[in-house]
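In what follows, a single structure is set out as structure tokens and then discussed.
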Amino acid sequence: MATAKKRIAVMISGRGSNMKALHEAASAPDYPAKIMLAISNKPNAAGLAYAKSQNIPAIAIDGRDFANRTAHEQAIHKVLVEHNIELICLAGYMRILGEEFVGRWPGKILNIHPSLLPKYPGLNTHQRALDAGDKMHGCTVHIVTGELDAGPVVRQSEVPVLANDDVDTLTARVLEAEHKLYPEALALAARGD
Ligand code: GAR
């Protein structure tokens, strides 16, 4: 008997190309998850328009409308619960989540990060890999815990750093890898329990 698909919310702050990759993968009949909701902390995020065009409920919850991060994340939590969300995918969500929110979703939040963690948590990962002279770089999907970019790794993908790379060429190569990696990692997580 077919098991029910996991109900996914994607949280974004911008372009949403990883959300698009997840949504496209999830259109396969045997994919174990379905994108049921897009939330952005930025009302003008391009990814929200894409979600709407795909008939995915797309909601802006702007941090500036709340007194503090806790109140903002309580509002996000409420919407997630209203939509019966089971797993959350952070996809370019550029605000650090607080402990209270993460604690309400233990093991249920995935994040994609543009480096081979534990190398280069935080920002400017591609420039840091170039500056370090790394021969390999890549991306990681991990489970979100209270510590920034430090939760258990679900899956990683490596890409080579080429001799004439600059930030733009390396970013593009990693992003292409992200679009393959995130759907694979989400499928693993969705089948996991
Ligand atoms: C992606 O490269 C993602 O790995 C990165 O932001 C980009 C979002 O692109 N995330 C982080 O840096 C998180 N710290 P997208 O909006 O096109 O998916």
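Because the structure is predicted, anything quoted here is derived from the model rather than measured. Start at 1 and go down the list; that is how both ligands and their atoms are numbered.
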Point to revise | Same cluster (ILVMFWY, side-chain, under 4.5 Å), V79 and V144 | key: yes
Review point. Minimum heavy-atom separation for A150 to T145, with atom names?
Key: C-OG1, 4.3 Å
Point to revise | Exceeds 12 heavy-atom contacts within 6.0 angstrom, atom CD of Q74 | key: yes
Go ahead and list the nitrogen or oxygen contacts between ligand 1 and the protein that come in under 3.5 Å, distances to 0.1 Å, or just say none.
from, atom 1, to, atom 2, distance (Å)
ligand 1, 2 (O), E178, OE1, 3.1
ligand 1, 2 (O), E178, OE2, 2.9
ligand 1, 4 (O), E178, OE1, 2.8
ligand 1, 4 (O), E178, OE2, 3.3
ligand 1, 9 (O), R15, NH2, 3.1
ligand 1, 16 (O), G16, N, 2.8
ligand 1, 17 (O), R15, NE, 2.6
ligand 1, 17 (O), R15, NH2, 3.1
ligand 1, 17 (O), S17, N, 2.8
ligand 1, 17 (O), S17, OG, 2.5
ligand 1, 18 (O), S17, N, 3.4
ligand 1, 18 (O), N18, N, 2.9
ligand 1, 18 (O), N18, ND2, 3.0

Point to revise | Given V10, L181, L175, the one that forms side-chain contact (heavy atoms from CB on, under 4.5 Å) with N18 | key: L175
**Study point:** Mutual orientation of the aromatic rings belonging to F66 and H72 [parallel < 30°, tilted 30-60°, perpendicular > 60°]
**Key:** tilted
Check your understanding: Do you know which of T125, T140, D149 makes side-chain contact (heavy atoms from CB on, under 4.5 Å) with Y120?
Key -> T125
